[in-house]
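Worksheet: the structure to be examined is printed underneath.
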Amino acid sequence: MTTSARDTIASAFQAAVDRAAADLAWPDDAKTVPVAIERPADPANGDFATSVALRLAKPLKKPPMAIAEAIRDRVPPSEMVASVEAAKPGFVNVRLSDAWVARQAEAIAAAGASYGRSTRLAGKRIQVEYISANPTGPMTVANARGGPIGDVLANVLAFAGADVQREYYVEDGGTQVKRFGLSVALRYRELFGESVELPPDAYPGEDVGIVASQIKERHGDRYRDLPLEEQSKVFAPMAIDRVVADAQRVTGKLGIHFDTWFKQSSLLESGYLTETIDELRKRGVIVERESVIFFETPEAVALRREGDEGWVLVDAQGDPKYLGTDIAYHRLCLERRGFDLKLDIWGANTEYHLAQMRIALPTLGIDPARFEVVIYQYVRFLHEGVLTRMGRRTGRFLLLEDVIDAIGKDVVRFFFLQASADRQLDFDFELAVQQSNENPAYYVQYAHARIASILRTAAERGLSSAGADVTLLTAPAEIELTKLLLRFPELLDDVLERRAPHLFTVYAVQLAGAFHSYYRDHRVVGDDASLSRARLRLVEAVQLTLKQLLGLLGISSPDKM
RNA sequence: GGGCCGUUAGCUCAGUGGAUAGAGCGGCGCUCUUCUAAAGCGCAGGUCGCGGGCUCGAUCCCCGCACGGCCCGCCA
């Protein structure tokens, strides 16, 4: 269980403001001003600061510096704080005590694998659903982006004590699947020398042909004389099984291991969609026109474009449509499967669907706060020198597995987690291969391996950190490095709060850089045995933090490189 | 027509109201008889897309515009 230094200082600021408010009889509206804590960019301004005095100046009608001084004088004394200052134009700056910081190196190293862990989400059951690519083709770099994002968020939630289930939703029940079956059937016929014409909505990718050949290898001409429609029906599930098996292999290569591969077809077979529609009907949000079942509320109507027929849940043939199925699926997870929260990772093209879901789920009495979605922008790739959107339906894509095989899972994961999900990514395969040895992922791993090397050397010389006196850590670089370690718990809070796993990579590079720099200038295993022990303890803390980070990122922590 | 995301160094990107805007790669120049040079240090490189506004203070919030991507299906 780890409380961040930031939280501790924030409480101190809050206490100081509360006391000032009481002592000086501040009016009530002063209490609405949040006591925000920030980290000054310039170390000359200390380690933490609050600008609350500047914000209070107007409601209190007093000069900000006077308010800052009043707050400064009421910050409770603490062994962790070396100084509290009021600074122009009205900041209150706190500097941590070097001695306290140095002692944290010991605390961190002693915490071991529990460093950063908390129980704040204990008892919460959370399903994280990610990737869930249509089972109609191989995993591409485009749909892979949700993988690391979802996986790392799942890791962090679990690290904070949540009971997390990782789910891959296999959408094997829809129209696209029928098309896929048809495309495979046509390719199957082609293998027997028939000349076939692909309809415009068929899948053009070569992977379809591969599935067809696999079926032919396995079953020969057994299905050759069936009518096309029959072939499509027979081949669709076979093809999907193959694709799902591939997805399991490829996600496994990425270090992603799902707890459940939930089939949409099982939901449909269970009758839960019908039951859900009945419930929606009871709640008065269903209309039927010409045998088509629509979801309809004033909000839904308002969102529709002019001329739009409505939101179809089930068509006139009785075939369930995506919105209908997805409402039932989410209801199943939140009402029957017992999750307190469902966190989905979706691609950018689902924006409209998300708006629909946000309207539909509350009509079933589901608290909207229990359904959260992280949307990520698309990955484009360089195709014949031009940036192209990937799409299986266009047959233009870059296979995830090829990329993993070429540059390794650690680099792939790191790459996807460097940019915020909001930002579109461009992937240049050639460049990625070319630069795979000059990669920030290696930079971070190398720091871990270097420390392992130091520890080996120490062991050879019979030296260990046992009984280390970390108060000997007084060099500025040692204090700075330890302060950086103290940011790790803050970072966990930020990643959780913002659902922003990319913050980990940014910090990891920063921490690795600080260590590499320290390494050059400070001999860890040296002539002075007590100083060596203290420094060993520090680098153990650094290594441990790196290991926690890499573990959360799902990247290996090598002892040798 | 409406909506969502983006626009920061040559390139890829951090920085979600604070004090002098950062990193990696690329460029130039240094540093290995050393606990791992997959590293370190230095230099060069910016009208934070443009124009307004709110604010003591804006790369960050609001409005407008431009550019790029995505969405507005009885596809998923």
Side-chain angles (χ1 to χ4, degrees), chain A residues 36 38 40-42 44-45 49-51 54-55 57-58 64 87-91 93 132-134 136 171 173-177 179 201 264 290 292-294 303-306 308-317 319 321-326 347-355 375-378 380 387 389 393 415 418-426 428 431 435 437-443 445-447 449-458 460-461 498 500 502-503 505-507 509-510 512-513 515-526 532 535-536 539 560-561:
Chain A
E38 52 212 49
D42 185 345
N45 293 319
T50 182
S51 57
L54 287 158
R55 293 166 214 275
K58 188 176 260 184
K88 46 83 203 182
F91 292 101
N93 295 334
S132 299
N134 295 340
T136 56
E171 300 178 41
T175 313
Q176 292 301 327
V177 170
R179 277 186 197 164
D201 60 353
Q264 187 184 55
E290 294 166 17
V292 180
I293 300 174
F294 296 91
L303 202 65
R304 270 158 37 185
R305 197 184 183 180
E306 202 169 337
D308 192 338
E309 301 281 334
W311 294 357
V312 177
L313 302 184
V314 178
D315 70 14
Q317 286 71 49
D319 288 336
K321 296 296 153 187
Y322 183 50
L323 181 60
T325 320
D326 219 32
N349 65 337
T350 56
E351 174 213 317
Y352 190 71
H353 180 65
L354 174 58
I375 298 249
Y376 61 87
Q377 297 298 311
Y378 276 109
R380 294 186 301 175
L387 279 170
R389 158 95 191 269
R393 297 184 212 175
F415 172 80
Q418 273 184 279
S420 140
D422 286 338
R423 194 184 185 98
Q424 186 168 70
L425 279 184
D426 295 332
D428 183 338
L431 194 67
Q435 293 184 345
N437 285 326
E438 318 207 336
N439 194 281
Y442 294 152
Y443 182 82
Q445 290 176 313
Y446 187 57
R450 254 188 165 169
I451 295 171
S453 173
I454 294 171
L455 299 177
R456 282 191 297 271
T457 303
E460 278 166 22
R461 302 190 189 173
R498 292 169 51 188
H502 75 279
L503 299 176
T505 58
V506 176
Y507 172 76
V509 169
Q510 196 185 352
F515 167 72
H516 285 311
S517 188
Y518 174 72
Y519 171 89
R520 273 288 132 189
D521 299 337
H522 301 80
R523 181 90 201 168
V524 175
V525 182
S532 295
R535 288 182 169 171
L536 278 170
V539 298
K560 279 187 180 169
M561 284 177 78

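All of these numbers come straight from a predicted model, not from anything done at the bench. Keep in mind that the numbers below use all heavy atoms, side chains included, and drop hydrogens, waters and symmetry copies.
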Q | Spacing of A:Y518 atom OH relative to B:U34 atom P, expressed in whole Å | A | 20 Å
Q.
What's the gap between B:G3 and B:G73 when it is taken at their P atoms, as a whole Å value?
A. 16 Å
Q) Nearest of B:G40, B:A37, B:C75 to any side-chain atom of A:Q176? A) B:C75
Q.
Suppose you measure atom P in B:G46 against the same atom in B:C4; what distance do you get, rounded to whole Å?
A. 34 Å
Q. Looking only at atom P, what distance separates B:U16 and B:C71, rounded to whole Å?
A. 29 Å
Q: Specify the separation, in whole Å, of atom CG of A:D422 and atom P of B:U59.
A: 20 Å
Q: Please tell me which of the listed nucleotides, B:C35, B:G6, B:C72, lies nearest to the side chain of A:I454?
A: B:C35
(Q) Rounding to an integer number of Å, can you tell me how far A:Y519 OH sits from B:U31 C1'? (A) 14 Å
Q. Once you round it to whole Å, what is the distance between C1' of B:G26 and CG of A:N439?
A. 15 Å
Q: Provide, to the nearest angstrom, the distance between the CZ atom belonging to A:R450 and the C1' atom belonging to B:U34.
A: 11 Å
**Q.** Glycosidic class, syn or anti, of B:C32 using a 90° window around 0
**A.** syn
Q: Considering only atom P, compute the distance from B:G22 to B:C48 and round it to an integer number of Å.
A: 14 Å
Q. Can you tell me how far P of B:C74 sits from CZ of A:R179, to the nearest Å?
A. 13 Å
Q. For A:L303 and A:R520, take the nucleotide of RNA chain B holding the closest heavy atom to each; which residue's nucleotide lies nearer the 5' end?
A. A:R520
Q. Nearest-Å distance, NE2 (A:H516) to P (B:A23)?
A. 16 Å
Q) Under 4.0 angstrom, heavy atoms only, what part of the nucleic acid is A:Y352 near: base, sugar-phosphate, or nothing? A) sugar-phosphate
Q) Does a side-chain N or O from A:Y446 land closer than 4.0 Å to OP1 or OP2 of B:A38, or not? A) yes
Q: Could you provide the dot-bracket string of RNA chain B, using ( ) for intrastrand pairs, [ ] for crossing pairs and | for bases paired to another strand, with Watson-Crick or G-U pairs below 3.5 Å?
A: (((((((..((((....[...)))).(((((.......))))).....(((((..]....))))))))))))....
Q) With a 4.0 Å cut-off on heavy atoms, is A:A452 in touch with a base, just the backbone sugar-phosphate, or nothing at all? A) nothing
Q. Which is true for A:K560 with a 4.0 Å heavy-atom rule: it touches a base, it touches only sugar-phosphate, or it touches nothing?
A. base
Q. Do any side-chain nitrogens or oxygens of A:Y376 fall under 4.0 Å of OP1 or OP2 in B:C4?
A. no
Q.
Let's go through A:F91 and A:N45 carefully: what are the C-alpha distance in whole Å and the side-chain angles of both, what is the deciding distance for side chain to side chain contact (heavy atoms under 4.5 Å, CB included) to 0.1 Å, and is it a yes or a no?
A. CA-CA 9 Å; A:F91 292 101; A:N45 293 319; over 6 Å; no
Q: Mind calculating the distance between CZ (A:R523) and P (B:U34) to the nearest angstrom?
A: 10 Å
**Q.** Set of side chain to side chain donor-acceptor pair (under 3.5 Å) partners for A:N349, sequence neighbours left out
**A.** A:Y378
Q: Under the side chain to side chain contact (heavy atoms under 4.5 Å, CB included) rule, what do A:L425 and A:Q377 come out as? Steps first, then yes or no, please.
A: CA-CA 7 Å; A:L425 279 184; A:Q377 297 298 311; over 6 Å; no
Q: Pick base, sugar-phosphate or nothing for A:Y443, based on heavy-atom distances below 4.0 Å to the nucleic acid.
A: sugar-phosphate
Q) Looking only at atom C1', what distance separates B:G27 and B:U34, rounded to whole Å? A) 30 Å
(Q) If you assign each of A:E309 and A:Y378 to its closest nucleotide in RNA chain B, which residue comes earlier from the 5' end? (A) A:Y378
Q. Going from NE2 on A:H516 to OH on A:Y443, what distance comes out if it is rounded to the nearest 0.5 angstrom?
A. 5.0 Å
Q: Please work out if A:Q377 contacts a base, only the sugar-phosphate, or nothing of the nucleic acid, heavy-atom cut-off 4.0 Å.
A: base
Q: Report which part of the nucleic acid A:D326 touches: base, sugar-phosphate, or nothing (heavy-atom distance under 4.0 Å, all strands).
A: nothing
Q. Would you say B:G73 has OP1 or OP2 under 4.0 Å from some side-chain N or O of A:K321?
A. no
Q: Quick one: label A:G526 by what it contacts on the DNA or RNA (base, sugar-phosphate, nothing), any heavy atom closer than 4.0 Å.
A: nothing
Q) When every nucleotide of nucleotides 13-19 of chain B is labelled 5' to 3' by its protein contacts under 4.0 Å (heavy atoms), B for base, S for sugar-phosphate only, - for none, what sequence of letters results? A) SSSBSBB
Q: Quick one: closest heavy-atom pair of A:V314 and A:V292, and the distance?
A: O-CG1, 3.4 Å
Q) Between B:C62 and B:G17, how far is it from one C1' atom to the other, in whole Å? A) 13 Å
Q: Find the distance between CD (A:Q264) and CG (A:N134) and round it off to the nearest 0.5 Å.
A: 9.0 Å
Q. With a non-hydrogen cut-off below 4.0 angstrom, is A:A348 in contact with a base, only sugar-phosphate, or nothing?
A. sugar-phosphate
**Q.** Nearest-Å distance once atom C1' is located in both B:G57 and B:C43
**A.** 33 Å
Q | Minimum-distance nucleotide (side-chain atoms of A:N349 versus B:A37, B:A76, B:C4) | A | B:A76
Q | Interatomic distance at C1', B:C70 relative to B:A76, whole Å | A | 15 Å
